[in-house]
There are 2 protein chains.
Amino acid sequence: MTTAKDDLLSIRQMCDVFDVTPRTLRFYEAKELIAPLRRGTARLYTYRDRARLKLILRGKRFGFSLEDIRQLLDMYDRAPGQQEAQLRRTYELAADRLAQMERQRAELDEAIAELKDQMAWGGNVLAGFRNAAE
Amino acid sequence: MTTAKDDLLSIRQMCDVFDVTPRTLRFYEAKELIAPLRRGTARLYTYRDRARLKLILRGKRFGFSLEDIRQLLDMYDRAPGQQEAQLRRTYELAADRLAQMERQRAELDEAIAELKDQMAWGGNVLAGFRNAAE
DNA sequence: AGACAAGTTGACGTGCGCGTAAACGTAACG
DNA sequence: CGTTACGTTTACGCGCACGTCAACTTGTCT
């Protein structure tokens, strides 16, 4: 079962696809991070909602708060037809984020290198154990 | 003022250097992430404490919980002189972390690329504003 | 129509990462 | 000697990101 671009997903389907709970989706909606359609009272999640949720979960993995993420999302789709001043602010906010993410990338590389070092060391000790055991 | 390797820092000095509050340092100590010396009742932070705190703050920036970080730290210095079984567990835990960080790195690259795209688009719109304004 | 799953809106509870205030110790300075 | 600066423990509080009921409605199947 593939999720086509114009599929409308129920809350349960969303939960299965993204491994979150209904509570989480309603919470994100209350915080205005997503805004699914309604068929009667029931929620229907569009492709746009799915794209946004993907970005939300990614942002979380990088340690951004939901409020941070909300502002980023607003940028992603409120950009067209905006006032110049607003757009400039948004642009600079994005530039800040970008810088932050690139610093984070550099740090992550460093951390990975250190961890690899440490593991090589531990690997040697384990090799020593194997030698001593014959 | 440089911090030499064998300097012992007061809690206030630590806070200034790492931009955290005393509460934060005591909290980390309560959670057994650091264990400063004591002169009387007062805390004295060694080079080792500083190294650990650096790792703690880095880990936080990557969205790890304090408990996650504590386990990583334990690995970093409890490794020597450990039982083989223990060390093996530790080693595999580290391998998992490494994989996690490398996935995170790939995702981060993707996110950076997307954000750059979005910014290029916004940059064009802003250029249009500047054209229309003469 | 009856039953049952799936969804809805409150409302309160929970774990984490600290903030903040109260009350106290202690060492140095004028 | 008092006070000022810096530190300590103990304890309650708070914001965030949800979990967990409870009570109710809304299709869906037979």
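Here is how names work: the chains are called A, B, and so on, in the same order as the sequence lines, proteins then strands, and each is numbered from 1.
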Novice: Is there a donor in the side chain of A/E67 and an acceptor in the side chain of A/Q71, or the other way round, less than 3.5 Å apart?
Specialist: yes
Novice: Both B/I11 and A/K60 contact DNA chain D. Taking the nearest nucleotide for each, which residue is further toward the 5' end?
Specialist: B/I11
Novice: Kindly give the cluster partners of B/L8, where membership spreads through any ILVMFWY side chain lying under 4.5 Å from a current member.
Specialist: B/L37, B/L44
Novice: Is there a side-chain contact (heavy atoms from CB on, under 4.5 Å) between B/V125 and A/L87 once you walk through the steps?
Specialist: CA-CA 9 Å; B/V125 177; A/L87 187 53; 3.4 Å; yes
Novice: Mind checking which nucleotides bracket the chain B contacts on DNA chain D, 5' to 3', with an atom under 4.0 Å from a heavy atom?
Specialist: D/dG7 to D/dA11
Novice: Taking all non-hydrogen atoms of both residues, which atom of B/C15 and which atom of B/P22 are closest, and how far apart?
Specialist: SG-N, 3.3 Å
Novice: Any side-chain to backbone donor/acceptor pair from B/R105 onto A/D109? Under 3.5 Å, distance only.
Specialist: no
Novice: State, to 0.1 Å, how close A/D68 and A/R97 come at their nearest heavy-atom pair, and which atoms those are.
Specialist: O-NH2, 3.4 Å
Novice: Using heavy atoms and a sub-4.0 Å distance, could you list which residues of residues 39-56 of chain A are near DNA chain C? By number, please.
Specialist: A/T41, A/A42, A/R43
Novice: Going by atom type alone, with no hydrogens or angles, which donor-acceptor pairs under 3.5 Å involve a side-chain atom of residues 26-35 of chain A and a protein atom two or more places apart or on another chain?
Specialist:
| unit_1 | atom_1 | unit_2 | atom_2 | d |
| --- | --- | --- | --- | --- |
| A/E29 | OE1 | A/R43 | NE | 2.5 |
| A/E29 | OE2 | A/R38 | NH2 | 3.0 |

Novice: Can you tell me the distance, in whole Å, between the CZ atom of B/R38 and the P atom of C/dA27?
Specialist: 15 Å
Novice: Collect all protein-nucleotide pairs involving nucleotides 14-16 of chain C in which both atoms are nitrogen or oxygen and the distance is under 3.5 Å.
Specialist:
none

Novice: With 3.5 Å as the limit, what N/O pairs link the protein to nucleotides 19-21 of chain C?
Specialist:
| unit_1 | atom_1 | unit_2 | atom_2 | d |
| --- | --- | --- | --- | --- |
| C/dG19 | OP2 | B/T21 | OG1 | 2.6 |
| C/dG19 | N7 | B/R23 | NE | 3.1 |
| C/dG19 | O6 | B/R23 | NE | 3.4 |
| C/dG19 | O6 | B/R23 | NH2 | 3.0 |
| C/dT20 | O4 | B/R23 | NE | 3.1 |

Novice: Quick check: closest heavy atoms across B/A111 and A/F62, and the distance to 0.1 Å?
Specialist: CB-CE1, 4.2 Å
Novice: Can you tell me how far CG of A/L25 sits from CE of A/M14, rounded to the nearest 0.5 angstrom?
Specialist: 5.5 Å
Novice: For the CZ atom of A/R61 and the CG atom of B/L108, what is their distance to the nearest 0.5 Å?
Specialist: 11.5 Å
Novice: Identify the heavy atoms of A/M101 and A/F64 that sit nearest to each other, and give their distance.
Specialist: CG-CZ, 4.3 Å
Novice: Side-chain N or O of B/Y28 versus OP1/OP2 of C/dC18: is the shortest distance under 4.0 Å?
Specialist: yes
Novice: For the side chain of A/D49 and the backbone of A/T46, is there at least one donor-acceptor N/O pair under 3.5 Å apart?
Specialist: yes
Novice: If you look at every strand shown and take non-hydrogen atoms under 4.0 Å, does B/R12 touch a base, only sugar-phosphate, or nothing?
Specialist: sugar-phosphate
Novice: C/dA6 C1' sits how many Å from A/M14 CE, rounded?
Specialist: 17 Å
Novice: Between C/dG17 atom C1' and B/L25 atom CG, what is the distance in whole Å?
Specialist: 13 Å
Novice: Could you tell me whether A/D96 atom CG has more than 12 heavy atoms of other residues or ligands within 6.0 Å of it?
Specialist: yes
